[in-house]
K.L.:
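Please read through the structure below; I'll follow up with questions.
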Amino acid sequence: MLLFSDPSLGIDSLGMRRAYQLAERGRGLTAPNPFVGCVVIRDDQIVGEGFHERAGEAHAEVRALADAGHSARGSHVFVTLEPCSHHGRTPPCADALIAAGVARVSIGMPDPNPIAGGGAARLRDAGIDVEFASDPAPYQDQLREWTTWVRRGRPWVRVKVALSLDGKPGTVAGVRSSITGAGGLETTMRLRSASDAVLVGASTALIDDPRLTVRPEGGSQRQPLRVVLSRSSCPKDLKLFSDGSGRVLCLSASGNGDEWTVPTGVEVEHYSSAEGLRGALHVLGERGITSVLVEAGPSLFSAFWRENLIDELILYHAGGVAGMTAPLLMQQVGSAGDLDRRMKAVEAGVSGEDAITVWRPRVAEKY
Ligand code: AOF
Ligand code: ZN
């Protein structure tokens, strides 16, 4: 997810640009389904709009067709993802488009989901004019979290780390520090609400005792699954266990502490310690988590770094100085030049009082 720029501005087709923008409204709400946007245009007028809002509910195309009503006949439809051709939780959108009598369909990217794909061929067979975007990059980028989950069975890993001016993640090891992360709260809320789950390591959970919620809470605000990752037992007496603000999962390595108890309402799952973080991510993938925000302390960051599991790194740069005795971000994982070698900054901006940079792996993801 880009934080400071709007990729839709680079889309030439007005219909596709609008479809992209509509899709964004579903970001963070639709797991394990993709967020998709759709526009129906007839005689140069938008006559219908729709986006996917929740798994199990109508797909974007069906909502846009319903919005267009009779005007859909003979129209040009723009949709960010290839219409589905399968009976899943809902009937095939390709059939709905055919039944509505649309004349033309422009599609952002093919559907990589093996069960649902093939909608374009079905539309063509019905005599509808179908075209794919000449540049699928904006749509592929928009659905990167979901395609990672479809292809690899694990969520997209977005890691957030706050650093002092001298590049330290805190002042004193093992103590909650205020030198970093004082600003940037708004960005943190955006990151949490765009992610299906927010994960911390057991040590950060104990030291910081964070709530990990999207605030303000209440109303229709969706809360991400909050995950505490532990190589042994689940910590006790955390605020997030008792605040009643959404689901909590303790994810601990198998073979450890089967006998410990957790507060009511807290779920427990085990991952294989032999599989490490990958195993933990697959457990989340099996629960339909397509994106996870890791609010990492130094040891969890180092573990994700070592395993080469960071898809997106968000660095908060605060103005305070932590000093020589402060802990290092990378614990025994190579030299400082590593970040530059493996990742590149793709965005920078200011949030509150912090500067923020966004990094992606240099080796491009295969979609
Ligand atoms: C969506 N929303 O707007 C589109 C989707 O289980 P189902 O029936 O909801 O089908 C989910 C699949 O449908 C999904 O994996 C994707 O391949 C396809 N298209 N899905 O949830 C949409 N257009
Ligand atoms: Zn569909």
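Just so you know, ligand 1 is whichever comes first in the structure, and atom 1 is the first atom listed for that ligand.
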K.L.:
With nothing but distance in play, are any N or O atoms of A60 less than 3.5 Å from an N or O of ligand 1?
P.N.:
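Yes, since at least one N or O of A60 sits under 3.5 Å from an N or O of ligand 1.
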K.L.:
Does some non-hydrogen atom of T90 fall short of 4.0 Å from ligand 1?
P.N.:
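Under 4.0 Å: yes for T90.
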K.L.:
Answer yes or no: are there more than 12 heavy-atom neighbours, outside E186 itself, under 6.0 Å from its atom CD?
P.N.:
no
K.L.:
Which residue supplies the protein heavy atom nearest to atom 2 (N) of ligand 1, what is that atom called, and how far is it?
P.N.:
H52 CG, 3.1 Å
K.L.:
List in chain and number order the residues that pass salt bridge (charged side-chain N to carboxylate O under 4.0 Å, His left out) with D209, two or more places apart in sequence or in another chain; answer none if no residue qualifies.
P.N.:
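Salt bridge (charged side-chain N to carboxylate O under 4.0 Å, His left out) list for D209, sorted by chain: empty.
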K.L.:
What part of W149, side chain from CB on, backbone N/CA/C/O, both or neither, has a heavy atom under 4.0 Å from ligand 1?
P.N.:
neither
K.L.:
Given I115, L143, N33, V150, identify the one with the heavy atom nearest to atom 21 (O) of ligand 1.
P.N.:
N33
K.L.:
Do any heavy atoms of F35 fall under 4.0 Å from ligand 1?
P.N.:
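No; F35 lies far enough from ligand 1 that no heavy-atom distance drops under 4.0 Å.
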K.L.:
Quick one: which of R144, R360, K344 gives a salt bridge (charged side-chain N to carboxylate O under 4.0 Å, His left out) with E312?
P.N.:
R360
K.L.:
Quick one: which ligand 1 atoms are inside 4.0 Å of a heavy atom on V36?
P.N.:
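The list of qualifying atoms is 3 (O), 4 (C), 22 (C), 23 (N).
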K.L.:
Under the side chain to side chain donor-acceptor pair (under 3.5 Å) rule, what pairs show up with a residue in residues 69-78, not counting sequence neighbours?
P.N.:
H76-S106
K.L.:
Quick one: are the C84 and C93 sulfurs under 2.5 Å apart?
P.N.:
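Taking the criterion (SG atoms under 2.5 Å apart), C93 and C84 fail it, so no.
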K.L.:
Strictly under 4.0 Å, does any heavy atom of E82 approach an atom of ligand 1?
P.N.:
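No.
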K.L.:
Who's the nearest protein heavy-atom neighbour of atom 14 (C) of ligand 1, and how far?
P.N.:
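The closest one turns out to be P34 CD, 3.6 Å.
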K.L.:
Under the criterion side-chain contact (heavy atoms from CB on, under 4.5 Å), I'd like the reasoning laid out for V79 against V105: C-alpha separation, chi angles, the key distance, then a yes or no.
P.N.:
CA-CA 8 Å; V79 58; V105 179; 4.2 Å; yes
K.L.:
Quick check on contacts: which atoms of ligand 1 are under 4.0 angstrom from a heavy atom of N113?
P.N.:
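Result: 14 (C), 15 (O), 17 (O).
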K.L.:
So which heavy atom in the protein is nearest atom 12 (C) of ligand 1, and how far is it from that ligand atom?
P.N.:
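Here the closest protein heavy atom is H86 CE1, 3.7 Å.
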K.L.:
With respect to R89, determine whether any N or O atom, backbone or side chain, lies less than 3.5 Å from an N or O atom of ligand 1.
P.N.:
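Yes: some nitrogen or oxygen of R89 is under 3.5 Å from one in ligand 1.
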K.L.:
Quick one: does NZ or CZ of R63 land under 6.0 Å from the six-membered ring centre of F51, within 45 degrees of the ring axis?
P.N.:
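That pair qualifies as a cation-pi contact.
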K.L.:
Which bit of E61 gets closer than 4.0 Å to ligand 1, counting heavy atoms only: side chain, backbone, both or neither?
P.N.:
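Only the side chain of E61 comes within reach of ligand 1.
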K.L.:
Under 4.0 Å from a heavy atom of G88: which atoms of ligand 1 are those, numbered in the order shown and with their elements?
P.N.:
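This gives 8 (O) as the contact atoms.
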K.L.:
As an exercise, state the distance from CH2 of W149 to CG of L281, rounded to the nearest 0.5 Å.
P.N.:
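These two atoms lie 14.5 Å from each other.
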K.L.:
Using distance only, find each side-chain donor-acceptor pair of residues 321-330 under 3.5 Å and give its atom names and separation, not counting sequence neighbours.
P.N.:
none

K.L.:
Let's go through R231 and Y271 carefully: what are the C-alpha distance in whole Å and the side-chain angles of both, what is the deciding distance for side-chain contact (heavy atoms from CB on, under 4.5 Å) to 0.1 Å, and is it a yes or a no?
P.N.:
CA-CA 9 Å; R231 270 176 299 183; Y271 65 96; 3.8 Å; yes
K.L.:
Answer with yes or no whether C93 contacts ligand 1, where contact means a heavy atom under 4.0 Å from a ligand atom.
P.N.:
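So C93 does not count as touching ligand 1.
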K.L.:
Using a distance threshold of 2.8 Å, what protein N/O/S atoms lie below it relative to the Zn ion (ligand 2)?
P.N.:
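Correct list: H59 ND1, C84 SG, C93 SG.
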K.L.:
Could you tell me the residue and atom name of the protein heavy atom closest to atom 18 (C) of ligand 1, and the distance to it rounded to 0.1 Å?
P.N.:
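Answer, as residue, atom name and distance: D111 OD2, 3.5 Å.
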K.L.:
How about Y316 and T188: does a side-chain donor come under 3.5 Å of a side-chain acceptor?
P.N.:
yes
K.L.:
Does R342 count as lying over the ring of W305, i.e. NZ or CZ under 6.0 Å from the six-ring centre, within 45 degrees of the axis?
P.N.:
yes
K.L.:
Is a side-chain donor or acceptor of E269 paired with a backbone partner of L249 at a separation under 3.5 angstrom?
P.N.:
no
K.L.:
So which heavy atom in the protein is nearest atom 9 (O) of ligand 1, and how far is it from that ligand atom?
P.N.:
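Looking only at protein heavy atoms, the one closest to atom 9 (O) of ligand 1 is H59 NE2, 2.7 Å.
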K.L.:
Would you give the length of the straight line joining atom OG of S245 to atom NZ of K239, rounded to the nearest 0.5 angstrom?
P.N.:
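S245 atom OG to K239 atom NZ measures 11.5 Å (nearest 0.5 Å).
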